[in-house]
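Chain letters run A, B, ... following the sequence lines, proteins first and then strands; every chain starts at 1.
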Amino acid sequence: MATLYLIDGHAQFFRAYHAIRPGMRSPVTDEPTHMTFGFMGMLLKLLRQDRPEYLAVVIDAAGDRGTFRSQIYPEYKANRKPAPEDLHQQVERCVALLKQMSVPVLAVAEVEADDTIATVVRRMRREQPDLEIKIVSRDKDLGQLVDERTHLFDPQSDKTLGVEELFDSKGVRPDQVVDMLALMGDPVDNVPGVRGIGIKTAAKLITEFGSLDALLANLDKVKGKTGEAIAAQRDILPLSKSLVVLKDDVVVDFTLESARVDPGRADAVALLDAIHQLGFNRIAQELRGWLGAHAPKVGSGGGGGGVTSAPAAPVVRAAPAEDFGLFNPPPEDVFTAPALDGLAMQASARGDYRTLRTVAEVDAFVASARQACAPKSAGVPGALLAFDTETTSLNPVSTHLCGISLAFEPGKAVYIPIRSPEPETHLDEAAVLARVGPLLTDATIRKTAHNAKFDIIALRAAGVRVAGLAGDSMVASYVVDATRSTHKMDALSEAILEHRCIPITDLIGTGRHQRRFDEAPLAIAGPYAAEDSDVALRLAIALEAQVDAMGLGELYRTTEVPLVEVLAELEWNGIKVDPDELERQRRGLEVRIGALRARIEQSAPRPFNIDSPKQLAEILFNGPDDSPSGLGLKVVKRTKTGASTDVEVLEKLTLDPTVQTLLPAQILEYRQLTKLVGTYLVALREAIDAKTGRIHASFHQTVTATGRLSSSDPNLQNIPIRSDVGRAIRRAFVAAPGHVLLSLDYSQIELRVLAHLSQDPSLIAAFEAGTDIHRAVAAEVYGAALSDVTDEQRSAAKMVNFGIVYGITAWGLARRLGAGTSNERARQIIDDYKRRFAGIDAFLQRCVQEAHEHGFVATILGRRRPVPQILSRNGAERALGERIAINTVVQGSAADLIKCAMLRIYRELPTRVPSARMLLQIHDELVFEVPACDRVALEAAVREAMEGAMQLRVPLVVSSSYGSNWAED
DNA sequence: CGATCCACGTA
DNA sequence: CGTACGTGGATCGC
């Protein structure tokens, strides 16, 4: 059956624009070409793989502000970002290329592409009932057009969405899509919808009631907040619905025949001319293949004397050596998403998975793995070996192995059980590790795993020291896109390999009746476990290709992958914590809390739950006549659901002489103490490992958007230090007998990074002079001598110094400088600052510009963060994008720096101070445990590594402290 | 029991 | 209406 592909042009243009590394330019005309390159790559892949009979591209006509939607609702798409200049230029180029290929480009004035698509679909349904239609788009609005023969199609993943898939993913039929969209709204297009209802709730309600009308008729059956929200906002729903319903009676000039894919109708000479002009040699080759017999003869010169070969010398830009390529991405001709053909195809079928049950089988597999994975000869690596462990618990330090799975060939994997419900059928731990261990500890065999840190620790607990880690698909995914909501294997497998993994819940169940992995029958546990290493292997292959295509191979291989072992070491080491000290402090605070509760009850007009911000707000801000009644104080600040009762508010009330009640001050103290007890004193004691007497917190490498690490279970990166009661908690973190804790931290790391990146002479000079940086900046800004700087001036300068790397605003600074500082005054301080430190201002602007031009910013090591907010038409959102752009470059570069230091320390310690252990990283600080006698040597070694981690334009300064516990430090 | 909000600890 | 996190209690809905 014939198929018509309708490409949603701008969706694909936009996607290519962001998927492909910017910086590509035509060697002939110097015009930007990266989007054109990406779009043509997509188009050719479609032509090659799907061989459509009919193809058309649909785009919005220029000046689409006059659509019927903006007439009925002026806010429609008011959030839309203006397209970047170089996008527009390339769209025109793509349209020209399409015409040369004789692909129709449908654009109807004042009509959105979606409506044009809807019109074509409806017309074809009437005229050509048997025609298959694939709409190349992922826009959920188009779901309403889906029927038995009309699908949405995503060429990047080859994923097709039809009636069934729509039902599977959302539970709705195509005719219900409009109702669902109306209910949930669309912040991107500014379709209102009901606030508080997202896609999940909307889909559920529409499924349940069948339609929006039925829902509204039975609104009394919808309980709680959801029902109230709909009732309150029901008037907006007809408008929302009219915005999302596609118009299918547009006047559009289209015949199926005009869309016939026919290389014979292409203007082959002009087409290849243009492609060569753009410098796309590979695409030219593919186009020749598509044109087949219609391709012009090589060397014919294109008739009109165009450029068909040997383009002019590429534009090469000079980059100063110290510029680390920050704003100078090399103009490489690469895809960020290299072809995954083959990999994706194998995915749908279950692989060749075996469960090994005898010594002989294990021996045979190990031999074949060694054969395949051992280096072929000097410099020629063998195959990659993916490994994965199954364990009895999720805490790797105290867990037991259930088995190990291994894979070295995509689609094939084995599971070697160690603990299972069928112990008689398999080998014991010693027998397995004696055979598999040598593969894992052999540094010449390159290994990969998904979240290798976990497996490295679990294996170390079993006595196996993994060596030769060459990759980690979770880390690769993070390097490709740090802002992904998750880098879990099953999610990546679906997104990248088009493969749905066996859910772990199939094996161990869910909720409180969960079983352990070793209790699951091998018949299902085996394939599940084998799949893990197979998928890890295939993800590593696919993602590392993306890493390389993005030019991030060095960051990945020399920083992030080696860091996995360092973090495994940190977690393995843990930090010793004294439970008695925690308990003593807890008892002490509980007494104070008890007394406070009593005083709070006396201060309050009636009983209430002190822990409930909502009830507290009622007590403070309701009037005596309201119900529930309250003290009638003036609301200071609002949250999105009511009056705020946060510190700022309570402090203001405490200082307000007209406020008589002691309640705010008492609540402040109560909150401080209960926070310490609940979040730290109790939780930390519970986190102490019974066997080691230490806390083995997790350090995560793939969580933050900026490149920082994060810590959890428990979080050891937010142990109190600012208040005295809080800092006391650090007394419970202790060194082993005869040892000390040594802590070293970078002084002013982010400001120094800023000085380096901006190369601002004044800031550099201030750091080189080694004076108090806040005082120096104050002297500069206020034009005073260093010795004349007042405390107030220094404090303001400090505030600005911190604020500047967050993307400070006058409003924010004024608020922080305290009452009596006007926005105008704050503005003036910032302006003075930017004038005195013009290099910084220029740098901040470069960050924002970088985000605009490329859609992402990059750190010193080239780490990227997409900043989609920068293109928002919404002012607040765009301002957020600007702050993110600035902060990410500075914070992320500082994170790069300390990661380099950690690697160097990790490598040097075994020879320089083998008795020392690295325990914690707190963003700019490292904590070690070392025998007291080796403290001096360790301090020297670490200081040297930290200060020499990178050569910056300013000196790096490290300060240190030590003691038998973390507080004496 | 999970999701969401508020509040608050750190760099 | 400066950034980046993780956690705990309350609350809501399933």
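A/S743 contributes atom OG, which lies 8.0 Å from atom CZ of A/R730 (distance to the nearest 0.5 angstrom).
The backbone N or O of A/S711 sits less than 3.5 Å from a side-chain atom of A/Q717, completing a donor-acceptor pair. When atom types are taken as modelled, the side chain of A/T704 and the backbone of A/R708 share a donor-acceptor pair closer than 3.5 angstrom. Although no hydrogens or angles enter the test, the distance criterion places a donor-acceptor pair under 3.5 Å between the side chain of A/R752 and the main chain of A/S747.
The residue A/R671 sits close only to the backbone: its heavy atoms come under 4.0 Å of sugar-phosphate atoms, none of a base. Residue-level contact check: A/V890 touches neither bases nor backbone, having no heavy atom under 4.0 Å from any strand. Residue A/I721 is in sugar-phosphate contact alone, with no base atom involved, counting any heavy-atom pair closer than 4.0 Å across all strands shown. Among the atoms of the strands shown, only primed sugar atoms or phosphate atoms (P, OP1, OP2) are found under 4.0 Å from some heavy atom of A/Q615. Counting non-hydrogen atoms under 4.0 angstrom, A/T674 reaches nothing in the nucleic acid. Here A/I719 lies in heavy-atom contact (under 4.0 Å) with sugar-phosphate atoms only.
The interatomic distance linking A/I695 (CD1) with C/dG6 (P) rounds to 17 Å, in whole Å. Computed from coordinates, the A/K640 NZ to B/dA7 P distance equals 12 Å when rounded to whole Å. In this structure, A/Q717 places its CD atom 11 Å from P of C/dC5, rounding to the nearest Å. The CG-C1' distance, from A/N609 to B/dC5, rounds to 15 Å in whole Å. Across the protein-nucleic acid pair, A/L650 atom CG and B/dC6 atom C1' stand 12 Å apart, rounded to whole Å. The interatomic distance linking A/D924 (CG) with C/dC5 (P) rounds to 17 Å, in whole Å. Straight-line distance from the CD atom of A/E618 to the P atom of B/dC6: 14 Å, rounded to whole Å. Distance A/Y680 OH to B/dC8 C1': 8 Å, rounded to the nearest Å.
Nucleotides C/dG2 and B/dT4 have their C1' atoms positioned 25 Å apart, rounded to a whole Å.
Summarising the local packing, NZ of A/K634 is surrounded by 12 or fewer heavy atoms from other residues, nucleotides or ligands at distances under 6.0 Å.
Between the side chains of A/T888 and A/R865, at least one donor N or O lies within less than 3.5 Å of an accepting N or O.
Between A/R722 and B/dT10, a side-chain N or O to OP1/OP2 separation shorter than 4.0 Å is present. Phosphate proximity of B/dC6 to A/S644: absent, as no side-chain N or O sits under 4.0 Å from OP1 or OP2. Contact annotation: A/T641 side-chain N/O to B/dC6 OP1/OP2 distance is under 4.0 Å.
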What does the list of N/O pairs under 3.5 Å between the protein and nucleotides 2-4 of chain C look like, with a distance for each?
from, atom 1, to, atom 2, distance (Å)
C/dG2, OP2, A/T809, OG1, 2.3
C/dG2, O3', A/R883, NE, 2.9
C/dG2, N1, A/R816, NE, 3.0
C/dG2, N1, A/R816, NH1, 2.4
C/dG2, N1, A/R816, NH2, 3.4
C/dG2, N2, A/R816, NH1, 2.5
C/dG2, N2, A/R816, NH2, 2.8
C/dT3, OP1, A/R883, NE, 3.4
C/dT3, OP1, A/R883, NH2, 3.3
C/dT3, O2, A/Q891, NE2, 3.3
C/dA4, OP1, A/R865, NH1, 3.0
C/dA4, OP1, A/R865, NH2, 3.0
C/dA4, O4', A/Q891, OE1, 3.4
C/dA4, O4', A/Q891, NE2, 3.1

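In the interface, the side chain of A/D611 is not paired with the base of C/dG9 through any donor and acceptor atom under 3.5 Å apart.
The nearest pair of heavy atoms linking A/R727 to A/I721 is NH1-O, 2.7 Å.
The listed nucleotides are B/dA7, C/dT11, C/dT7; the one nearest the side chain of A/S612 is C/dT11. Among C/dG8, B/dC6, C/dG6, the nucleotide with an atom closest to any side-chain atom of A/A683 is C/dG8. With distances taken from any side-chain atom of A/K614 to the nucleotides C/dC12, B/dG9, B/dC8, the minimum falls on C/dC12.
Annotation: side chain to side chain donor-acceptor pair (under 3.5 Å) contacts involving residues 796-814 of chain A, sequence neighbours excluded, comprise A/H774-A/N801, A/N801-A/Y833.
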